[in-house]
Amino acid sequence: PPSSPSSPPCSGTILIFMDQQITAVIINRKEHKLKKGCGYHLDLFVVGVMLGVCSVMGLPWFVAATVLSISHVNSLKLESECSAPGEQPKFLGIREQRFTGLMIFTLMGCSVFMTSVLKFIPMPVLYGVFLYMGASSLRGIQFFDRLKLFGMPAKHQPDFIYLRHVPLRKVHLFTIIQLSCLVLLWVIKTSKAAILLDFIFMEEEEAGGCSTRGEVIV
């Protein structure tokens, strides 16, 4: 039976909202010491307007890319140069500017005219770049930091603010729940149930007229 006309728009709205806002929340964390204020509503409004324009023109939808955005922020971190022997550099903040974002997308546009050269890059090299980006973006992720607490003595634990207010056993319980959900998603993805999910998404895309979705760096 055909799906409800409201089903594809609702599913697309939830997906875009979650993808955009989760990335924005991660980037605008207090630990990053950003000087410019965050504009969640303005960002979402701009994304909504651009999605409407892209839909009319038959272009891919664009939302914030979580991994690329985290890697971008990590590459712009400022750390103290002078420190005592054995002491880790102190985090000072983020170099907040628009030049790197402009250059990234300028080079992406130029890559269209460089296909004759880019085709000679081996696929293992590209996989290595993607693997490096994924591994480097794990630094500073709270979930990854909490995973490392399982094998860390209490006296060597970093001074995380949540450890001051939440008992360690509750922190471990929350981490186990998150890890279980992640494992469950991976099991579903690698099982035959993933085919059913793909079929549902394809059915919704055909009903809603949405074909592709792109991502941008925050």
Side-chain angles (χ1 to χ4, degrees), residues 10-11 13-48 63-98 100-101 130-189 215-218:
C10 290
S11 301
T13 301
I14 294 173
L15 177 63
I16 292 169
F17 177 83
M18 296 295 291
D19 204 354
Q20 170 67 31
Q21 295 300 86
I22 288 175
T23 304
V25 169
I26 293 175
I27 298 302
N28 291 287
R29 283 165 39 184
K30 293 182 179 180
E31 291 85 350
H32 288 158
K33 300 181 180 179
L34 297 176
K35 297 179 181 179
K36 298 180 181 178
C38 55
Y40 296 111
H41 300 295
L42 179 60
D43 290 345
L44 197 59
F45 174 75
V46 173
V47 169
V63 294
T66 307
V67 176
L68 296 180
S69 299
I70 295 174
S71 300
H72 187 217
V73 171
N74 289 336
S75 66
L76 298 175
K77 284 185 176 181
L78 279 171
E79 294 181 341
S80 60
E81 298 181 358
C82 300
S83 57
E87 181 183 357
Q88 294 184 352
K90 185 179 179 181
F91 174 68
L92 302 177
I94 303 292
R95 299 181 183 90
E96 299 182 51
Q97 37 76 42
R98 295 182 175 89
T100 54
F130 296 148
L131 179 61
Y132 171 76
M133 291 178 59
S136 61
S137 64
L138 290 177
R139 185 179 59 179
I141 300 295
Q142 188 185 113
F143 174 67
F144 186 69
D145 291 336
R146 285 189 274 107
L147 282 177
K148 294 190 293 185
L149 292 177
F150 282 102
M152 188 179 300
K155 62 179 181 180
H156 294 152
Q157 291 177 356
D159 187 21
F160 294 133
I161 187 170
Y162 52 84
L163 292 179
R164 302 179 185 177
H165 304 283
V166 182
L168 185 60
R169 58 182 180 83
K170 290 188 177 181
V171 173
H172 287 335
L173 176 62
F174 181 66
T175 306
I176 292 174
I177 294 175
Q178 279 191 303
L179 184 61
S180 301
C181 293
L182 181 62
V183 172
L184 179 62
L185 287 175
W186 180 260
V187 170
I188 294 176
K189 180 180 180 297
E215 294 182 320
V216 296
I217 301 173
V218 174

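Just so it is clear, the model here is predicted, and its values are computed rather than measured. For reference, positions follow the sequence shown, starting with 1. The figures here come from the full heavy-atom set of this structure, side chains too, leaving out hydrogens, waters and symmetry mates.
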Can you tell me if F17 has over 12 outside heavy atoms packed within less than 6.0 Å of its CZ?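 No - once you tally the heavy atoms of other residues, nucleotides and ligands closer than 6.0 Å, there are 12 at most.
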
More than 12 foreign heavy atoms under 6.0 Å from CZ of F45: is that the case here?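 For F45, atom CZ is not crowded (no more than 12 foreign heavy atoms under 6.0 Å).
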
side-chain contact (heavy atoms from CB on, under 4.5 Å) partners of [X], counting only residues at least two apart:
X	value
L76	H72, I94, R95, Q97, T100
V46	L42, M50
H41	none
M18	I14, I22

Closest non-hydrogen atom pair, [X] against [Y]:
X	Y	result
R98	K36	NH1-NZ, 3.8 Å
L149	P158	CD2-CD, 4.2 Å
I26	H32	O-CE1, 3.3 Å
Q157	L163	OE1-CD1, 3.9 Å
G151	P153	O-CD, 4.0 Å

Approximate separation, where rounding is to 0.5 Å, of Q21 CD and L44 CG: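 One gets 5.0 Å once the value is rounded to the nearest 0.5 Å.
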
What residues form a side-chain hydrogen bond (donor to acceptor under 3.5 Å, both in side chains) with K77, not counting sequence neighbours?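 Per chain and number, K77 pairs via side-chain hydrogen bond (donor to acceptor under 3.5 Å, both in side chains) with N74.
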
For S75, give me all partners under side-chain hydrogen bond (donor to acceptor under 3.5 Å, both in side chains), at least two apart in sequence or on another chain.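 Checked S75 against side-chain hydrogen bond (donor to acceptor under 3.5 Å, both in side chains); zero matches.
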
Check whether any side-chain N or O of N28 sits under 3.5 Å from a backbone N or O of A24 as a donor-acceptor pair, and report yes or no.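 Side chain of N28 to backbone of A24, a donor-acceptor pair under 3.5 Å: yes, one is there.
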
Who passes ring-ring contact (aromatic ring centres under 6.0 Å, His included) against Y162, sequence neighbours left out?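 Once residues adjacent in sequence are excluded, the partners of Y162 under the ring-ring contact (aromatic ring centres under 6.0 Å, His included) criterion are F160.
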
Kindly list each side-chain donor-acceptor pair under 3.5 angstrom involving residues 166-185, sequence neighbours excluded, with atom names and distances?
from: T175; atom 1: OG1; to: R146; atom 2: NH1; distance (Å): 2.8
from: T175; atom 1: OG1; to: V171; atom 2: O; distance (Å): 2.8
from: Q178; atom 1: OE1; to: R146; atom 2: NH1; distance (Å): 3.0
from: Q178; atom 1: OE1; to: R146; atom 2: NH2; distance (Å): 2.6
from: S180; atom 1: OG; to: I176; atom 2: O; distance (Å): 2.7

Do any pairs count as a salt bridge (charged side-chain N to carboxylate O under 4.0 Å, His left out) and have a residue in residues 24-33, sequence neighbours left out, and if so which ones?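 Matches after skipping sequence neighbours: R29-E31.
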
Who are the salt bridge (charged side-chain N to carboxylate O under 4.0 Å, His left out) partners of K148, not counting sequence neighbours?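 Counting only residues at least two positions away or on another chain, K148 forms a salt bridge (charged side-chain N to carboxylate O under 4.0 Å, His left out) with D145.
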
